[in-house]
Amino acid sequence: IQGRMVFTSLADVTASSIVVEDFSLVVDHCMTVVSQNPSILYIVITRNDGFSLVHLKDKWCQKQLDSHWHPENRKFPTEGHFDQHDIAPGLAYHIAFPFSYSGIDWGWIHVVLSPDQYYRDLNRLGMQILGMVLISAFFGFVISYLFAKRLIRPIQLLNQYALRVAQGDLTAKVSLSTRDELQNLADSFNWMTQSLQESQNTLISTRDYVENILHSMKEMIFVLDSDMLIQKANRAAEEILGYRRDDLIGCSLNDIFIGKKITVHDLCLWVKNSVSINQEASCRTKKGKTISVLLSYAALNDTHHEDSHFVIIAMDITERKI
C-alpha cells in the first residue's frame, strides 16, 4: 500500500519532468519523499532507454543499472518481493510500477522499502488476526456456555426428579417452560408418574382390601415360601396360637404343627392329586396347648407357572373333637 501511494505521488509530479529531462523537480521531490518516510530505503527511476536516477537518504546519483531495473514487455506492476541490490546493503522489499506519459510507457519507478516495516505490519496483522480469533473464541465459548446451560439445566432437573421417582416418590412433578422437546419430555414424565401413582394407589387399595378379608376370617391362614417358612399370617393365627404376628413371620410351619413333618414335596403332591382339603393335623400354641385343626392347601404360581408359595388354611376343630 505504501509503495503504491509513493508511486502515485511520484508519477503525478515527475512523469513529465523525466520525459523532458527536467531532473531538478524529480530529484527534489524524490529526496523529500525518501527523507520523510523512514520505511523507504531508496527510490530508483529508470527509463526504457537505460537512463536511471537513484535517490538515497542523503544523496542522489545518475547510475547505469543492470537489466534487472529495466524489465521488458511488462504492462502491469510486478509483485513485491524481497531482494538484495548493490545500491545499498541488506535485504529490502522491492516493488516496481511502470509509468507512462501521453499514453506511452516510458519506464519504471522502483520503491525499495525496509523489511522492518513489512515485518511490523505483518506482526500487527498477525496480532489483529490473533485478537479476532481470541475474541471469536471468547464469544463462541460464551454462546456455547449459555446454550449448554439452557440445555443442561432442564436435563439435570429431569434427572433429579427421575431419581426421586426411583426412590419411590411418585409425587415428583417436573415444571419446565422451554416450549421444546424437553418440555414435551417433562410432560410425558409427569404423566408417567401420575399413572404410576394411580396404579400404586389402586394396588394399595387392593392390598388393603385383601388384608381386611384375610384378617376378618376366623380360620388361621398362613402363606409359606418354598422353604416352608411363614411369610404371612392373619389375625386369627395370632389369637388362636397366642403368638404375635412378628414372631410367626420367618418361622417354619413344622415348628408349630406337631406329628409328621410336612415337606414341600408333600404339599406339591397333595395339591396335584387334589387331596389337599380337610386333612387333620395338630399344632401347639405358645402356652403349650395342643389343638386339632382341619387343613386345606393351595399353591401360588409365579410368572413361570411354577409353585413358589403355598397357602394353608387351618380351621380349629378342637371343640368338635371333644
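Everything quoted here is computed from the prediction, not taken from an experiment. In what follows, residues are counted from 1 in the order of the sequence shown. Note: hydrogens, waters and symmetry copies are ignored here, and every other heavy atom, side chains too, is used.
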Relative to the ring of W60, is the ring of H55 parallel (under 30°), tilted (30 to 60°) or perpendicular (over 60°)?
-> parallel

Can any side-chain N or O of D225 pair as donor or acceptor with the backbone N or O of M228 at less than 3.5 Å?
-> yes

Smallest heavy-atom separation, K57 atom then N37 atom, equals NZ-O, 3.0 Å

Can we say K232 and E211 salt-bridge, meaning some charged N sits less than 4.0 Å from an Asp/Glu carboxylate O?
-> yes

Closest heavy-atom contact between L241 and I291?
-> CD2-CD1, 4.3 Å

Polar side-chain atom of D255 near backbone of C251 as donor-acceptor pair, under 3.5 Å = no

Closest non-hydrogen contact found for V293 with S282 is CG2-N, 4.5 Å

Between the side chain of N234 and the main-chain N/O of E219, is any donor-acceptor distance below 3.5 Å?
-> yes

For K289, does the NZ atom have more than 12 heavy-atom neighbours from other residues, nucleotides or ligands under 6.0 Å away?
-> no

How far does CD1 of I221 sit from OG of S296, to the nearest 0.5 angstrom?
-> 10.5 Å

Which pair of non-hydrogen atoms, one from L229 and one from G250, has the smallest distance, and what is that distance?
-> CD2-O, 3.6 Å

What distance separates M31 CE from D58 CG, expressed to the nearest 0.5 Å?
-> 6.5 Å

Closest non-hydrogen contact found for L113 with V111 is CD2-CG1, 3.8 Å

Taking all atoms of both residues into account, what is the closest heavy-atom pair of L295 and A281, and its distance?
-> CD1-CB, 3.6 Å

Spatial distance of atom CE (M132) from atom CD (Q128) [nearest 0.5 Å] = 8.5 Å

